[in-house]
*Asks:* 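The following block contains the structure, expressed as structure tokens.
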Amino acid sequence: MGKYVYSFKEADYRNKKLFGGKGASLIQMSQLGLRVPPGFIITTEACKKFYEPRREEIAELEAALLKNPPPEVRDQVIEKLHKVIDSLELPQEIWREAVEYMKRLEEETGRKFGDPNAPLLVSVRSGAAVSMPGMMDTVLNLGLNDETVKGLAKWSGNEWFAYDAYRRFLQMFGKIVLSIDEKLFSSAWEEIKRKYGAKEDPEVPLEGLKEAVERFKQIILRERGGFPQDPWEQLRLAIKAVFKSWMSPRAIFYRIIEKITPDVADCTAVNVVTMVFGNVGWDSGTGVVFSRDVATGENKLYGEFLPVAQGEDVVAGIRTPMDIEEFRKRFPHLYDELYRGVKLLERVNKDVQDVEFTVEKGVLYFLQARNAKMTALARVKTAVDMAKEGIITREEAILYVKPDHVLQLLYPRIDPKAKAKPVAQGLPASPGAVSGQVVFHPDDAVRWAAEGKRVILARVETKPDDVHGFYAAVGILTSRGGMTSHAAVVARAIGKPAVVGAESVEIHEEEKYLKIGDIVVKEGEWITIDGHTGNVYIGVVPTIEAELIPELEELLSWADQVRRLGVRANADLPDDAAIARKFGAEGIGLLRIERMFRKPERLELLRRIILAESAEERRPYLEKLYKALKEDFKEVFRIMDGLPVIVRLIDPPLHEFLPKPEEVLEQIYQRKMRGEDASELEKLYKRVKALQEANPMLGHRGVRVGVTHPDFYYYLNRAILEAAAELKKAGHNPVVEIMIPQVADAREIVFVKEKSIIPALRDVEKEFGVSLNVKIGTMVETVRAALTIDEIAKHVDFISFGTNDLTQAVFSFSRDDAENKFIPQYLELEILDANPFETLDVKGVGKLVEYAAATAKEVNPSIEVGVCGEHGGDLKSIYFFHKTKVDYVSASPFRVPLARLAAAQAAILQSK
Ligand code: ADP
Ligand code: MG
Ligand code: MG
């Protein structure tokens, strides 16, 4: 025969599954010697047993609800579910055990359940293995009736208090156990308060309370034919009600949303706890306290206390409580006791605590404890502080902080004190909060920014052509597109806050205004966007600047000591490099040279280079271009002095830098209409047309351009190498690595080295009289490169997995199409577990990475292996890379701290 009931003294607090979180905390606190009112727990096993007779039907109905049916169907299912559950009875053996434990409680407290002289009252509280705040039910003051209320008055010498408890009980029992609409009670109570001129509950005089009791009893009589005066019947019904609350529709939906599956929490326990009264007088009250400040992390108690009140009053916010400092002044002894208790719990549970307590006539009772939820700032600070205080180890501190906390701390945030109301919401595409004047065209963004204005670029959606506007703007807002739309990807890559796909924002690019409902915002007016929440605000909303707070810096320095994986940054421009270095990057894992072309004069040169028909025609433009690029390289190398910088030779298809054929055609037409000569444009049109490709992503790009235009690659290399040579001569220490993209065969590498890289190196070394120690490597982003890595590895000093392109190639998914058209559905149908462009597909792509990394090292033991796709900044992917032969990951500058932390977490978790 099973045992279903345990007292706080005999149970094991570690068994949260059996006793629920609340029950476990009551057990723990009692056993630690904190003052907890005596009580017992009816286990979650009892709850399961309660449901057992109709388990299958209930499971079916629950499954029907999970399918998210239309409202009519849903309501029918809920009704059926209630009928089934209502038919259930509390199993005899459970009830017998509960009664036995009630008897023990009577002995322990010296009071008797239902005794008209010294009545024992209890609370009947729900509590599952994981906290489901507000989802299930609790009944307080159980055991009161017309007789015991008098006994309570006598025992306490306070009739007011006894009737206050009684009216509370009737209302709670009526609502929770008898399912009577709560409004009936609350409106009657409001009437009584008005009648007696009471602003707050404690001002209602005794007659008012007695009147409330009468009215509440009438409501119950009318609605349900009365309530049980017998306390044992009250208890039986309350236990059933708490069990039933596990299956309330809101609890079911909460479990779905929070992914609380039976292996996490299965059914609720029932905690029966002797009542202690915070509403006896002004030397009594109820409160909630945190062992540290959950907003700032500061090491001081934080919380509230409400005198003359019972538990639910604090949460309901019906009166303004005093803060814990005030409590300290008024009740210094109680404060000390509370402080000691809370800190003891913190030490034992190794985390910040959230504790419910009640003071009855100057005596403190602990009623619940759990690990506190807190802000990102507080999480980081408390983790580091607790490690320094010896409460947790450094490794535990590293595991406490979630990567998302780190991200939140690095970006400017909306100041919560501003209490601003958003007018629209889109997707939080790239974090950070900024205010700026709205502009609707990228060229306007550039113009306005040149005048020193802060602008937010608002577009329906964005294209690669708009990118100069991204650099000029402080933030980006679009009304269309998802988390992986062009705007979102670019914004994240360059660390600009962005809200995308804000569908309620109507953007009129031509007319230069936007509209949200009735609100019209014209060009130049201020708005604020928060890329962390997706919120859009009118006007300037104050923000808080982000910095690496000292505690985060310290935590990351601990992380650096335990991680195996190196962390570099994907950074293309000097500004990005500076951020990357500040955030602790150990070099640049990917510098995309093409991002340096995004200046109008350079773009023009590049166009001429592409359109030229022979190497001779190209040369003067190449000469000019490489000299301009050199300056940028020098800046980046100087910022990264002493750390490796991997520069990738030009990668995208060339026509991306050219106007579209339709655009050229339009211009030709315009000219002809004006009777002007259009022969230049006609030539351009022919070239542009000829360069068009059916599948540009699989077309003439990357190393293929290097093979067909060795002179182009030669000059790119000169720009890089001359920058390094000049710095070296000036006493700096540039560490340059050159990377060839899109390679599919080792012979491509041999060719490019021979025709472009080595000649450039030789020429520069001779001209500048320095010797440059340059590493040459390749991306591994085609499937063939991964499969033939044994050949490739012999010709390079390093390889770097371009996991974005590799994922495209392995899945044969074109990224933009996939993410917009079918991946969301694939995720919903669970055909995919995660978007493979965000989290590395371990089974498929991962297998290639694992194989290629290991084989490369076998063939060429000194080879360096990195990852430079977006996956380098993704937690789960980093956990995976840790287990492979990959040496380092490279992430966007703002994700560098996250990657440092994640790499350390991977190392710690694997060693366990
Ligand atoms: P929840 O899970 O919603 O927090 P609880 O079971 O913790 O519900 O109870 C609701 C409120 O009643 C809490 O503030 C709690 O501290 C208070 N409470 C519960 N049991 C007792 C008791 N035996 N004596 C006094 N207050 C109680
Ligand atoms: Mg509680
Ligand atoms: Mg690529």
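Every number for a ligand or one of its atoms is a count from 1 in the order of the listing.
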*Asks:* Looking at non-hydrogen atoms alone, which of Q310, E356, R125 comes nearest to atom 4 (O) of ligand 1?
*Replies:*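 Residue with the shortest heavy-atom distance to the ligand atom: E356.
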*Asks:* Of all the atoms in ligand 1, which lie at a distance below 4.0 Å from a heavy atom belonging to Q368?
*Replies:*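 Within the 4.0 Å cut-off of Q368, ligand 1 contributes 4 (O), 7 (O).
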*Asks:* Any side-chain donor-acceptor pair under 3.5 Å between D164 and N279?
*Replies:*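 Yes, a side-chain donor-acceptor pair sits under 3.5 Å.
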*Asks:* List the atom of P202, the atom of W160, and the distance in Å for their closest heavy-atom pair.
*Replies:*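 For P202 and W160, the tightest heavy-atom pair comes out as O-CZ2, 3.7 Å.
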*Asks:* Look at E337 together with R340 and state whether they make a salt bridge at an N to O cut-off of under 4.0 Å.
*Replies:*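 Here E337 does not pair with R340 in a salt bridge, since their nearest N and O are not under 4.0 Å apart.
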*Asks:* Is there a polar contact, in the sense of an N or O pair closer than 3.5 Å, between S126 and ligand 1?
*Replies:*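 In fact, backbone or side chain, S126 has no N or O that close.
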*Asks:* Under 4.0 Å from a heavy atom of T138: which atoms of ligand 1 are those, numbered in the order shown and with their elements?
*Replies:*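 By the 4.0 Å cutoff, the relevant atoms are 5 (P), 6 (O), 8 (O), 9 (O).
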*Asks:* Indicate, as side chain, backbone, both or neither, the part of M275 found under 4.0 angstrom from ligand 1 when only non-hydrogen atoms are considered.
*Replies:*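 It is both backbone and side chain that touch ligand 1.
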*Asks:* Quick one: which ligand 1 atoms are inside 4.0 Å of a heavy atom on V276?
*Replies:*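 Per the distance check, 24 (N), 25 (C).
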*Asks:* Decide whether an N or O pair under 3.5 Å exists between T286 and ligand 1.
*Replies:*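 The answer is no, given that T286 and ligand 1 share no N or O pair closer than 3.5 Å.
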*Asks:* Could you check K217 against E214 for salt bridge (Lys or Arg N to Asp or Glu O under 4.0 Å), going step by step and ending with a plain yes or no?
*Replies:* CA-CA 5 Å; K217 287 201 316 207; E214 278 318 307; 3.7 Å; yes
*Asks:* Can you name the atoms of ligand 1, numbered from 1 with element, that are less than 4.0 Å from a heavy atom of K22?
*Replies:*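 In order of numbering, the contacting atoms are 1 (P), 2 (O), 5 (P), 6 (O), 7 (O), 8 (O).
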*Asks:* Need the atom name: nearest N/O/S atom of E356 to the Mg ion (ligand 2).
*Replies:*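 Minimum-distance N/O/S atom of E356 relative to the Mg ion (ligand 2) is OE2.
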*Asks:* Applying side-chain contact (heavy atoms from CB on, under 4.5 Å), can you list everything that pairs with K112, at least two apart in sequence or on another chain?
*Replies:*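 Expected list: E106, D115.
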*Asks:* Considering only heavy atoms of L140, which atoms of ligand 1 have at least one such atom less than 4.0 Å away?
*Replies:*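 Here the atoms of ligand 1 in question are 12 (O), 18 (N), 19 (C), 20 (N), 21 (C), 27 (C).
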*Asks:* Tell me, please, which residues at least two apart from E147 pass side-chain contact (heavy atoms from CB on, under 4.5 Å).
*Replies:*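 E147: side-chain contact (heavy atoms from CB on, under 4.5 Å) contacts with P116, N145, K150.
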*Asks:* What atoms of ligand 1 come within less than 4.0 Å of a heavy atom belonging to V273?
*Replies:*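 Answer, ordered by atom number: 23 (N).
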*Asks:* Testing the basics here: between A98 and F40, what is the closest heavy-atom pair and its distance to 0.1 Å?
*Replies:*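 That closest heavy-atom pairing would be O-CZ, 3.8 Å.
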*Asks:* Should the pair E223-K175 be classified as a salt bridge under the 4.0 Å nitrogen-to-oxygen rule?
*Replies:*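 Looking at E223 and K175, the cut-off is not met.
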*Asks:* Decide, counting backbone as well as side-chain atoms, whether Q368 has an N, O or S atom less than 2.8 Å from the Mg ion (ligand 2).
*Replies:*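 An N, O or S atom of Q368 is closer than 2.8 Å to the Mg ion (ligand 2), so yes.
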